[in-house]
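Below you'll find the structure, written out as structure tokens, and then a few comments.
Note that these values count all heavy atoms, side chains included, but never hydrogens, waters or copies made by symmetry. Protein chains get the first letters and strands the later ones, always in sequence-line order, with residue 1 at the start of each.
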Number of protein chains: 2
Amino acid sequence: MTDAPEIFIDISTAIMCVAGDDLLCRMVEPQDDANNHRPRLPFGPFMPDQHRTMEIGLRHWVREQVGVDLGHVEQLYTFADQGRQRDFEAPDTHTVSVGYLALANQTARGSGGGASLWRNIYSFFPWEDWRDGRPACLDESIIPALDTWLTAAPEAQERVRLAFGRDRDQWDEEFVLERYEILYEAGLTEESYLEGRNPEPLYQGIPGTSLQLDHRRILATALGRLRGKFKYRPVIFDLMAPQFTLTQLQKTAEAILGVRLHKQNFRRMVEKSNFLDSTGKMEKSRGRPAELFRFRHGDRADRPLSGLRVSSSRPRRG
Amino acid sequence: MTDAPEIFIDISTAIMCVAGDDLLCRMVEPQDDANNHRPRLPFGPFMPDQHRTMEIGLRHWVREQVGVDLGHVEQLYTFADQGRQRDFEAPDTHTVSVGYLALANQTARGSGGGASLWRNIYSFFPWEDWRDGRPACLDESIIPALDTWLTAAPEAQERVRLAFGRDRDQWDEEFVLERYEILYEAGLTEESYLEGRNPEPLYQGIPGTSLQLDHRRILATALGRLRGKFKYRPVIFDLMAPQFTLTQLQKTAEAILGVRLHKQNFRRMVEKSNFLDSTGKMEKSRGRPAELFRFRHGDRADRPLSGLRVSSSRPRRG
DNA sequence: GTATTTATACTCAATTTGAGCATAATTATA
DNA sequence: TATAATTATGCTCAAATTGAGTATAAATAC
């Protein structure tokens with residue numbers, strides 16, 4: 001077993017942050033040196049002799065490449081399939097990719113080395129943002145393209161139906177990865193085209209910026225995980241500034257879920273959850289000033305670690 | 001960078017199955033060749049030249065070592081910390097361990113090569129089974145031992161409180177891994193003793209069979225994941241025979257959660273969820289015969305993929 | 001000082017949950 | 001053969017939660 005390919009591990013991190021209405025992800029922009037004009041996540045090899053754990057390794061690469069202070073950090077998934085992140089210069093090598101999700105708040109946004117940028121997450125997944133109603137790109141390009149693909153791959157019918165729903169209400173916001181994987185397999189992403197999965201650049205009608213290597217896949221995993229997790233663990237507070245108003249909290253929840261929430265009910269839920277301590281202070285901006293709250297940490301909350309069981313608002317018109 | 005340690009990947013699988021009241025996990029028993037008398041999970045190296053994906057690799061090792069037909073398969077976590085699964089014979093090597101959860105039903109239990117056995121999962125985590133009330137071992141050995149440890153490591157106080165709760169009702173059944181990790185760090189597992197974390201065999205008062213390598217850690221991850229997941233995805237049906245009664249379904253849910261459920265409410269919930277099709281048939285055993293149901297697959301269910309939002313029964317006596 | 005904006009309070013019906021009582025259809029046993 | 005024990009299923013009912021408002025308060029903008 002001497003000529004088995006040597007294994008390398010890449011650690012890539014999706015760092016999320018919120019600003020106003022936007023859920024942002026920290027990218028490393030391409031240096032425009034011809035080869036690779038797509039942005040990427042901060043990433044680097046896992047070096048067991050220098051990093052006792054992968055999380056230590058990840059913090060090293062993040063510090064070096066984007067200099068952001070991380071709050072909550074969690075491992076997402078390990079992708080090992082051949083060909084999704086192959087290094088063509090080292091064919092006798094197999095690189096496995098471990099994706100992480102990290103959360104930061106605005107105060108920790110840092111600026112750090114090199115060209116880098118916070119990008120709205122929905123610029124990579126326009127079809128995931130339903131805050132202003134059903135995204136137009138679904139009916140304009142994605143669904144028609146998938147229908148075409150399904151005539152060639154009818155066995156995928158059920159999977160597509162589950163991921164993209166049939167009519168309204170059938171959309172499960174957590175299936176971010178499933179949807180991205182389907183688009184990838186259907187050849188509707190630039191990634192699949194560049195990796196030679198299909199001869200035609202079918203992706204060109206579909207909006208959404210593509211990323212290097214398998215980073216958009218990792219990012220899809222991150223968004224899906226975040227959407228699921230914040231419903232049952234209070235991770236949302238890692239995205240908030242130390243003090244915040246209920247509206248800011250709600251905007252953050254909406255940005256994560258890609259969905260509009262009912263204001264009064266959100267407030268009621270959050271108050272009952274006992275997560276918040278009120279600072280006496282007020283924030284004034286436009287209309288009536290809003291009270292500033294802060295997160296009440298572990299020891300005093302009664303439901304130790306549940307999340308925000310949000311209920312979305314479906315303004316009645318149909 | 002020529003003398004960086006070479007990386008290997010182990011794939012280990014926790015295969016779960018249900019029989020009656022018991023949640024079982026498929027072990028490979030030790031061949032009793034002195035070195036290792038502890039059981040282990042089926043596992044083997046990931047060989048990228050032979051297995052296009054890790055899941056293919058896992059199925060290969062499972063087939064070879066225990067011959068079980070797998071239903072649902074899902075990746076759990078990738079553990080990479082030094083020293084938790086070190087191979088002392090190859091010091092210039094670093095092995096990363098990827099854990100998987102797989103579900104099987106009784107009809108798929110197979111027998112396959114070598115000495116192997118289904119073992120009750122709570123034999124490894126006796127403190128996780130609350131079906132007959134609070135496990136005695138908690139107050140008899142675990143909590144006192146943790147208290148002793150906390151005097152030496154007071155910074156862990158908050159973590160311990162969160163994982164083990166203070167009084168009743170504070171126990172979050174999903175924190176299986178967190179609890180195991182605390183016991184490991186506190187030196188209260190045979191694994192930590194054998195890995196040289198502490199000179200005294202403190203674990204000897206604590207019940208629970210230990211496993212080889214980091215397999216009990218993977219198993220803890222598996223149980224925690226299963227407990228969480230079946231609440232929002234219908235994975236429980238992968239553990240059921242093709243036809244089953246509501247009581248059997250409830251027993252399975254109880255075995256997973258390690259908690260007793262309220263029968264009538266469980267029935268009501270499961271009927272409303274629309275997951276079941278009634279076969280006309282009945283199963284008779286002791287009392288009144290029970291109707292046999294089967295799982296209604298995807299296309300016809302109205303809530304496509306929610307899980308069983310169980311409500312536990314707390315018989316009032318306090 | 002009136003319109004606009006935003007925050008917060010309160011209401012109310014519909015639904016869901018938690019707990020238990022009642023009844024039905026069997027097998028085990030006196 | 002009657003009666004007890006056992007298991008399944010049906011139904012009730014109050015409490016709590018949810019979904020969708022209306023109403024009012026406290027600012028700024030014009």
TODO: Only counting residues at least two apart or in another chain, list the ones meeting salt bridge (Lys or Arg N to Asp or Glu O under 4.0 Å) with A:Asp147.
DONE: none

Task: Any N/O donor-acceptor pair, A:Gln264 side-chain to D:dT22 base, under 3.5 Å - done: yes

- [ ] Consider only side-chain N and O atoms of B:Glu283 and B:Gln248, and report whether a donor and an acceptor are under 3.5 Å apart.
- [x] yes

Open item on the list: Need one value for A:Thr245: base, sugar-phosphate or nothing, where a base atom within 4.0 Å counts as base even if backbone is also close, heavy atoms only.
Closed with: nothing

Task: Residues from residues 287-294 of chain A lying under 4.0 Å of DNA chain C - heavy atoms - done: A:Gly287, A:Arg288, A:Pro289, A:Ala290, A:Glu291

- [ ] Please determine which of B:Phe295, B:Phe237, B:Phe275 meets the side chain to side chain contact (heavy atoms under 4.5 Å, CB included) test together with B:Leu249.
- [x] B:Phe237

Open item on the list: If I take atom CD in residue B:Glu283 and atom C1' in nucleotide C:dA25, what distance separates them, rounded to the nearest angstrom?
Closed with: 15 Å

Open item on the list: Which nucleotide wins on minimum distance to the side chain of A:Thr247, given the candidates D:dG10, C:dC10, C:dA7?
Closed with: C:dA7

Open item on the list: What is the separation between atom CG on B:Leu261 and atom C1' on C:dT17, rounded to the nearest whole Å?
Closed with: 14 Å

Task: Length of the CG-P vector between A:Asn265 and D:dT17, whole Å - done: 14 Å

- [ ] Could you tell me whether the side chain of B:Arg179 and the main chain of B:Ala163 form a donor-acceptor pair under 3.5 Å?
- [x] yes

Task: Rounded interatomic separation in angstrom, taking CE from B:Met282 and P from D:dT6 - done: 22 Å

TODO: Please name the residue in the list B:Glu173, B:Glu254, B:Glu128 that meets the salt bridge (Lys or Arg N to Asp or Glu O under 4.0 Å) test with B:Arg227.
DONE: B:Glu128

Open item on the list: Taking the nucleotide of DNA chain D with the nearest heavy atom to each, does A:Arg268 or B:Leu246 sit closer to the 5' end?
Closed with: B:Leu246

- [ ] Flag this pair as yes if the NZ/CZ of A:Arg134 is under 6.0 angstrom from the six-membered ring centre of A:Trp127 and inside a 45 degree cone about the axis; otherwise no.
- [x] no

TODO: Supply the atom-to-atom distance A:Glu291 CD to A:Ser278 OG, rounded to the nearest 0.5 angstrom.
DONE: 4.5 Å

Open item on the list: For the backbone of A:Val66 and the side chain of A:Arg26, can you confirm whether one donor and one acceptor N or O come within less than 3.5 Å of each other?
Closed with: yes

- [ ] Specify the separation, in whole Å, of atom NZ of A:Lys272 and atom C1' of D:dG19.
- [x] 13 Å

Open item on the list: Between B:Asp22 (side chain only) and B:Leu24 (backbone N and O only), is there a donor and an acceptor less than 3.5 Å apart?
Closed with: no

What N/O pairs connect the protein and nucleotides 28-30 of chain C at under 3.5 Å? Give each pair on its own line.
none

Open item on the list: Without decimals, in angstroms, what is the distance between A:Lys281 NZ and D:dA27 C1'?
Closed with: 20 Å

Task: Between P of D:dA5 and NZ of B:Lys284, the distance in whole Å - done: 22 Å

TODO: Please state how far atom NE2 in A:His262 lies from atom P in D:dG21, giving the value in whole angstrom units.
DONE: 7 Å

